[in-house]
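Okay, so here's the structure we're looking at.
Here is how names work: the chains are called A, B, and so on, in the same order as the sequence lines, proteins then strands, and each is numbered from 1. A quick note: this is a predicted structure, and the numbers were derived from the prediction, not measured. Below, each value reflects all heavy atoms present in this structure, side chains not excepted, and no hydrogens, waters or symmetry copies.
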Amino acid sequence: MPLPPIPDLVRQLKTRVLAIPPGRVATYGALAASLGDVRAAKWVASFLCGSPQAANWPWHRVVLRTGEIGPAPDRDVAGKIRRIRSERIVVRNGAIDLARFGFDDFKSSASLARLRRFQEDALAKVSIQPLDKSLQTVAGVDLSYASPRQATAGYVLFDYRSQHVLSTCTLSAPVKFPYIAGYLAFRELPLLLALLQRVREKGQLADVILVDGHGQLHPRHVGLATHLGIEANIPTIGVGKKLLCGTCDRQNFRVGEARPVVHAGQTVAMALQSTPQGGPIYVSAGHRADLASAVELVRTLLGGHKLPGPTHAAHAVSRNAARHIAMRSNG
DNA sequence: GCGACAG
DNA sequence: ATCTTGTCGC
């Protein structure tokens, strides 16, 4: 089952920002909603204020839900207010009356809603089952970025019993979809699938893959690890450093201890205190694995680092390759 | 009003 | 994820 066409969110956002009439303002959330998910508001704001691509757009016509001015490129809020006022919009006490100046009549593409439906379709194909006890090899995958658009994926194959590295593989490609929490797969899956295809051709595909990102620990239970497992039809496990959703008691956590992460009344992951310092890592089932065997496997692969050996190694490999690419294109 | 939002 | 200075520890 191929991935759906990946929407060009930047182009869709540009169309909408350019549609805000002079003398009116829209909110980051309204723009995000027209793209299909208000939770993309954070990305909308960071793109309008941080990307050179948006420098010539009327980004000053986008403000906070409260009517407050919000962020501006180069932190030049005064400049943003100046532009707003030059369009005869009234700014009083640092805020705009949205009832008077607000604009919310966007054409909706609901692209993100379509991607959510795709995740829900994928969920129907997930298999949660114990890992095969006789697994021989484990691999880690991770992505690093030489620039916001240029990604490098790293794959490190481990022999399970000796925990020695058997082989390594990297692959670089431009990515076009932004990072939006809950939609990570649409950013990183294309490159990961291409990487696994190459690994498969070399006969180096592992019996199970540890993914740097969550599995069932996801608003719709279809995180990157789960989605990768389904698309590549391989057992996967999600290992993340931060919680995406759900709650977990993190008081008096002792090294080696594991506690459930509950989301919507369901245990979707285990928090595992892997090192004496810092917070726990979060382990969840991806595909063709269950939570118990995922935690058991990750425990055996902990080797002093915060992340399990294969994930740690994949991180190092992808980061090194990305830095080489960054140096080759810069100075 | 405060907290939250993988990489 | 990436951007970054100093700092602590093996």
Side-chain angles (χ1 to χ4, degrees), chain A residues 28-29 32 37-47 49-52 64-66 68 74-75 112 115-116 119 140-154 172-192 195 210-229 236-248 250 261 263-264 268-272 275-286 304-307 311-312 314-323 325-327 329-330:
Chain A
Y28 298 105
D37 192 339
V38 288
R39 289 186 59 170
K42 205 173 180 175
W43 170 70
V44 171
S46 64
F47 190 88
C49 296
S51 175
L64 304 187
R65 191 80 210 164
T66 56
E68 292 165 290
D74 302 318
R75 291 186 166 195
L112 295 172
L115 296 182
R116 277 200 303 283
Q119 289 178 329
V141 290
D142 188 24
L143 262 72
S144 295
Y145 292 83
S147 70
R149 292 202 46 167
Q150 191 68 26
T152 298
S172 299
V175 294
K176 54 279 174 224
F177 195 80
Y179 169 72
I180 300 170
Y183 302 84
L184 177 62
F186 300 105
R187 176 171 173 80
E188 301 196 334
L189 214 43
L191 181 54
L192 286 177
L195 176 73
L210 303 184
V211 180
D212 190 17
H214 298 309
Q216 307 261 271
L217 177 45
H218 181 274
R220 295 167 289 281
H221 309 284
V222 196
L224 176 64
T226 303
H227 215 144
L228 178 65
T236 55
I237 289 169
V239 183
K241 299 173 284 294
K242 287 190 289 190
L243 226 42
L244 173 59
C245 59
T247 56
C248 171
R250 278 170 281 187
V261 176
H263 177 248
V268 292
M270 293 295 275
L272 177 61
T275 51
Q277 296 291 315
I281 59 175
Y282 302 94
V283 181
S284 57
H305 298 293
K306 179 162 185 169
L307 293 167
T311 311
H312 187 265
H315 187 267
V317 159
S318 66
R319 196 156 215 277
N320 279 333
R323 283 189 166 169
I325 289 171
M327 271 192 283
S329 54
N330 297 321

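- When every heavy atom of Leu195(A) is checked against every heavy atom of Ala153(A), the shortest pair comes out as CD2-CB, 3.8 Å.
- For the pair His227(A) NE2 and dG7(B) C1', the computed distance is 16 Å after rounding to whole Å.
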Pairwise N/O distances under 3.5 Å, protein to nucleotides 1-5 of chain B:
unit_1	atom_1	unit_2	atom_2	d
dC5(B)	OP1	Leu243(A)	O	3.3

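- Rounded to whole Å, the distance from CD on Gln150(A) to C1' on dA1(C) is 14 Å.
- The side chain to side chain donor-acceptor pair (under 3.5 Å) check on Thr66(A) picks up Glu68(A), with sequence neighbours excluded.
- Using a 4.0 Å heavy-atom distance criterion, Ser147(A) is classed as making no nucleic acid contact.
- Applying the side chain to side chain contact (heavy atoms under 4.5 Å, CB included) criterion to Ala185(A), with sequence neighbours excluded, gives Leu189(A), Leu224(A), His227(A).
- Regarding contacts with the backbone of dA6(B), every side-chain N or O of Lys241(A) stays at 4.0 angstrom or more from both OP1 and OP2.
- Counting non-hydrogen atoms under 4.0 angstrom, His315(A) reaches the backbone sugars and phosphates but no base.
- For the residue pair Ala181(A) and Arg39(A), the shortest heavy atom distance occurs at CB-NH2, 4.4 Å.
- Note on Gly223(A): a base of the nucleic acid sits closer than 4.0 angstrom, heavy atoms only.
- Applying the side chain to side chain donor-acceptor pair (under 3.5 Å) criterion to Thr152(A), with sequence neighbours excluded, gives Ser172(A).
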Dot-bracket summary - DNA chain B, pairs being Watson-Crick or G-U whose distances fall under 3.5 Å, with | when paired to another strand: .......

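- Non-hydrogen atoms lying under 4.0 Å from DNA chain B are contributed by Gly182(A), Tyr183(A), Leu184(A), all within residues 182-191 of chain A.
- When all heavy atoms of His221(A) and Gln216(A) are compared, the pair lying nearest together is O-NE2, 3.2 Å.
- Taking the side chain to side chain donor-acceptor pair (under 3.5 Å) definition, one finds that Asp142(A) meets it with nothing, sequence neighbours left out.
- Between Gly29(A) and Val38(A), the shortest heavy-atom contact is O-CG1, 3.9 Å.
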Reading 5' to 3' through nucleotides 3-10 of chain C, protein heavy-atom contacts under 4.0 Å coded B for base, S for sugar-phosphate only, - for none: --------

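- Under the rule for a side chain to side chain donor-acceptor pair (under 3.5 Å), Lys306(A) has no partner lying at least two apart in sequence or in another chain.
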Show me, pair by pair, the donor-acceptor contacts under 3.5 angstrom made by side chains of residues 276-286 of chain A, not counting sequence neighbours?
unit_1	atom_1	unit_2	atom_2	d
Tyr282(A)	OH	Arg250(A)	NH1	2.9
Ser284(A)	OG	Gly215(A)	N	2.8

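- For DNA chain C, there is no stem of at least three Watson-Crick or G-U pairs with distances under 3.5 Å.
- Between His214(A) and dG7(B), a side-chain N or O to OP1/OP2 separation shorter than 4.0 Å is absent.
- Scored by the ring-ring contact (aromatic ring centres under 6.0 Å, His included) test, Tyr179(A) finds no partners at all (sequence neighbours excluded).
- Annotation: cation-pi geometry not satisfied between Arg116(A) and Phe186(A) (NZ/CZ under 6.0 angstrom from ring centroid, within 45° of ring axis).
- Put simply, NZ on Lys242(A) is 8 Å from C1' on dG7(B), counting in whole angstrom units.
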